[in-house]
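Take a look at the structure below.
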Amino acid sequence: MAFLKRLGFYLIGLSIGIVFLAIFFKKKSEETGVMFCYFPNCRTLKDIRSKTISYSDAVNNLLKNKAVDSADIANVLLNGEVDFGNSDTKSPICKTYIIEGGIRSREVVVKVKNCETTALIEEISFSN
């Protein structure tokens, strides 16, 4: 069999396999809701979201006054950017992360204390 004919068969089989794998893994990620996080920002936010989240008294006051709601906080924990330079990532017990994001077209900074089993939203400050 000529080299070009073998190369053609190889490329056809490879393309069919790639299409099959793309469809298979897309379905699997949709069913399980698994998000693959390889970068530090994504891994940190995913770790915080996976824990029981509680609020400090200051954040509870913001929630009662309707300045923010829990959906806004969840959105920041999903789409925010972790400021590792200002965060305390060396603490052995509970690490403190500064997360920057947006709530209702306003920039906010959320301070989160990330412990082993819980995450405490300590403070929310508005930049604008």
Exercise for review: Kindly write out the residues that satisfy side-chain contact (heavy atoms from CB on, under 4.5 Å) with Y55, not counting sequence neighbours, or none if the list is empty.
Suggested key: I53, V59, N60, L63, S70, I73, I121
Practice item. List for me each residue that meets side-chain contact (heavy atoms from CB on, under 4.5 Å) alongside E122, sequence neighbours excluded, and say none if there are none. Key: T96, K111, K113, L120
Study note, to complete from the structure: Those residues at least two apart in sequence (or on a different chain) that pass side chain to side chain donor-acceptor pair (under 3.5 Å) with N86 are D83
Point to revise | pair I124-V76: side-chain heavy atoms closer than 4.5 Å | key: no
Practice item. Indicate, with yes or no, if L14 and F3 share a hydrophobic cluster defined by side-chain heavy-atom contacts under 4.5 Å among Ile, Leu, Val, Met, Phe, Trp and Tyr. Key: yes
Review point. Are L45 and V108 co-members of a hydrophobic cluster defined by side-chain heavy atoms under 4.5 Å apart?
Key: yes
Exercise for review: Report the residues that fulfil side-chain contact (heavy atoms from CB on, under 4.5 Å) with N75, sequence neighbours left out, ordered by chain and then residue number.
Suggested key: N79
Check your understanding: Do the non-hydrogen side-chain atoms of F39 and V82 ever get within less than 4.5 Å of each other?
Key -> no
Revision key, fill the gap. Quick note, disulfide bond (SG atoms under 2.5 Å apart) partners involving residues 44-119, not counting sequence neighbours, are C94-C115
Practice item. Determine, using the 4.5 Å side-chain heavy-atom cutoff (strictly less than), whether L77 and I98 are members of one ILVMFWY cluster. Key: no
Review point. Stepwise, does the side-chain contact (heavy atoms from CB on, under 4.5 Å) test hold for V110 with Y97?
Key: CA-CA 8 Å; V110 178; Y97 293 103; over 6 Å; no
**Study point:** Validation row: T117, T52 side chains within 4.5 angstrom (heavy atoms)
**Key:** no
Check your understanding: Which residues satisfy the side chain to side chain donor-acceptor pair (under 3.5 Å) test with N114, sequence neighbours excluded?
Key -> D47, K51
